[in-house]
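The structure under discussion appears below in the form of structure tokens.
In each ligand, atom 1 is the first atom listed, and ligand 1 is the first ligand listed. One-based numbering along the sequence shown.
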Amino acid sequence: MRKFITCSTLLLCTYCLFAQKTDRPNVLILYTDDLGYGDLSCNGATAIATPNIDRLAQNGISFSNAHATASTCTPSRYSILSGRYAWRKKGTNILPGDANLVIPTDITTLPKVFQQAGYQTGVVGKWHLGLGARSPIDWNKKVTPGPAEIGFDYSFIFPATADRVPTIFMENQRTLGLEAGDPIAVNYQKPYPGELTGKEHPELLKMPNDPNQGHDGHINNGIGRIGFMKGGKRSEWTDEELGYVFNNKALAFIDNSLKEQKPFFLYYAIHNIHVPRMPGTEFKGKSKLGYRGDAILELDHTVSVIMKGLKERGLLKNTIVIFSSDNGPVLNDGYLDQSAETAQQLNYKPGGIYRGGKYSAFEAGTRVPFIVQWPQQVAAGKKSAALVSQIDLMASFAALLHIKLPAAEFTDSRNYLSTLLGTSAKNRDYIIEQPGNQQALAIVKDGWKYITPSNGPALMRGVNIESGYSKEEQLYHLTDDPGEQTNVAAKYPQQVSALKALLQKTMAE
Ligand code: NG6
Ligand code: CA
């Protein structure tokens with residue numbers, strides 16, 4: 001077996017020659033968590049600088065009307081990986097950390113498309129799509145089905161969110177660092193006798209939770225979490241190491257695919273900037289925006305580490321890098337980390353000009369940063385206002401790689417490759433946006449947006465975000481009113497009927 005060489009100058013080595021092949025570019029999705037459209041300096045933020053992410057935009061194409069399918073995590077991730085709207089399937093809303101896998105193992109998925117094209121596929125970072133097929137999950141054994149069964153050759157993940165138990169890493173679906181004699185047990189109902197909780201022992205917490213929002217169960221690393229856990233003491237992570245560990249695992253996966261002489265598809269689901277925001281110590285206090293801002297700086301650093309890693313391996317030119325987020329921004333999502341206060345002082349708008357945020361039916365819920373860099377094919381410094389959705393990555397990459405999606409299998413994914421690569425300005429016909437409230441949906445077409453009537457408070461108190469829920473029908477003319485200030489449903493009843501009919505038709509498909 002040949003020894004792998006990491007190089008920046010040996011342009012004639014086999015690996016670099018292989019790396020420069022154009023028919024099967026490497027694909028890296030940098031999928032961030034809860035990052036708002038307005039959280040990047042290239043999208044207008046002034047209170048924070050994100051030079052490394054901005055550089056991606058300068059070297060590629062940046063979209064101003066790109067959407068996750070939902071304004072929360074699990075449904076957006078379900079869609080990007082399966083090419084299907086999550087509202088079609090029950091049980092795909094925000095999952096507890098002990099939920100079972102929600103993506104069926106017998107359907108075509110984004111990573112399976114890459115596998116069919118001969119790629120090495122991997123996921124590193126946050127999972128939050130459930131694991132196993134039976135409850136309770138035995139965390140002390142290999143847990144299947146999981147990433148491997150939906151198309152990832154390699155996985156290095158934490159199971160749910162950083163604020164949910166179990167607070168462990170899993171490599172290829174096995175808990176890392178588990179010791180015999182200290183088995184892990186997890187539940188979301190009641191504490192284990194003898195285990196200290198944040199609720200009873202706030203004096204043990206290094207970051208206070210917001211008492212109105214829970215996060216006062218199991219304590220790991222001085223931070224209260226949602227849910228209860230015992231055992232596995234030496235397998236629990238330290239929040240400050242997450243960025244470092246995931247970056248190393250992402251680069252190690254890339255090295256391994258080079259060794260295998262295969263192109264890679266890496267879905268790097270970056271844990272930042274979800275709560276609890278407890279960035280690496282070197283980033284603490286470095287921004288003007290509390291730990292949320294510090295987490296953005298750490299995220300920007302992650303992008304620099306990964307991009308430098310690609311460059312050193314001679315992979316920059318022929319790797320498609322996609323940078324995006326799973327849903328819009330939230331300031332107070334359960335911990336008192338000064339994010340809301342500092343944002344108010346600096347009049348900082350993480351959603352940019354868009355209304356609402358995470359969980360919301362308003363635009364800031366799903367309109368997220370979206371950048372595509374591919375030096376070999378995509379012109380640098382482009383901007384696109386085309387309507388695009390993460391749900392289309394599956395069909396678009398299938399088209400790029402000449403993989404035929406099974407005609408008999410239903411998906412919502414469509415081929416918009418030319419728009420994504422900037423050679424066309426073609427909009428997606430329409431998109432459907434799913435807020436946290438399962439009763440509501442929104443549809444956007446030709447600059448108009450209709451939100452279905454639903455129950456629910458107009459202001460989500462805990463997180464202090466406008467929900468976009470109303471018992472009235474809502475219609476916004478996004479082209480003239482991107483901030484969704486004026487409901488024009490009464491003025492344009494025909495638009496309302498047309499959008500409503502299209503939504504109903506899609507839901508019936
Ligand atoms: C909510 C949590 C929030 C966050 C979110 C999931 C409460 C009160 N809030 O239920 O802190 O964990 O779920 O975020 O429990 S997401 O980005 O993974 O969708
Ligand atoms: Ca999220």
When you compare the side chains of E236 and N221, does any donor N or O come within less than 3.5 Å of an acceptor on the partner? no

Over 60° means perpendicular and under 30° means parallel, so tell me whether Y268 and F246 are parallel, tilted or perpendicular. perpendicular

Is the Ca ion (ligand 2) less than 3.0 Å from at least one N/O/S atom of N327? yes

Just to be sure I read this right, does ligand 1 sit under 4.0 Å from the backbone of T161, its side chain, both, or neither, counting only heavy atoms? side chain

Within a distance under 4.0 Å of any heavy atom of N327, pick out the atoms of ligand 1 and give their elements. 17 (O)

At a 4.0 Å threshold, what atoms of ligand 1 neighbour a non-hydrogen atom of H128? 18 (O)

May I ask you to check whether D163 has an N/O atom sitting below 3.5 Å from an N/O atom of ligand 1? yes

Electrostatic pair K286:E298 at N-O distance under 4.0 angstrom: no

For R277, is there an ion pair with D294 - N to carboxylate O distance below 4.0 angstrom? no

Compute the angle centred on the Ca ion (ligand 2) spanning OD2 of D326 and OD1 of D33, and express it rounded to 10 degrees. 80°

Is there a heavy atom of G334 sitting under 4.0 angstrom from any atom of ligand 1? no

Numbered atoms and elements of ligand 1 in range of I226, under 4.0 angstrom, heavy atoms: 15 (O)

Hey, which of R225, H215, Q213 is the one that makes side-chain hydrogen bond (donor to acceptor under 3.5 Å, both in side chains) with D163? H215

Heavy-atom nearest option to atom 17 (O) of ligand 1, drawn from K358, R164, R77: K358

For atom 16 (S) of ligand 1, what's the nearest protein heavy-atom neighbour? Residue, atom name and distance, please. C73 CB, 3.1 Å

If you draw a 6.0 Å radius around OH in Y188, do more than 12 non-hydrogen atoms from other residues or ligands fall strictly inside? yes

Under 4.0 Å from any heavy atom of T72, which atoms of ligand 1 are there? 19 (O)

Please could you name the atoms of ligand 1 that D333 approaches to less than 4.0 Å, counting only its heavy atoms? 3 (C), 4 (C), 11 (O)

Looking at ligand 1, would Y359 count as a contact under a 4.0 Å heavy-atom criterion? yes

among protein heavy atoms, the one nearest atom 8 (C) of ligand 1 is Q213 O, 3.3 Å

Assess whether atom CD of Q344 is packed by more than 12 heavy atoms of other residues, nucleotides or ligands within 6.0 Å. no

Answer yes or no: are there more than 12 heavy-atom neighbours, outside K206 itself, under 6.0 Å from its atom NZ? yes

If we count only N and O atoms by modelled type, under 3.5 Å, do the side chains of Y348 and D39 hold a donor and an acceptor together? yes

Taking atom types as modelled, is there a side-chain donor on N272 or D33 under 3.5 Å from an acceptor on the other? no

Compare H274, R225, H215 and give the one whose heavy atom is closest to atom 7 (C) of ligand 1. H215

Atom indices of ligand 1 within 4.0 angstrom of D34 heavy atoms, with elements: 17 (O)

Atom nearest to the Ca ion (ligand 2) - D34, N, O or S atoms considered: OD1

Other residues, nucleotides, ligands: >12 heavy atoms within 6.0 Å of K233 NZ: yes

Within the 4.0 Å heavy-atom shell around D33, which atoms of ligand 1 are there? 17 (O)

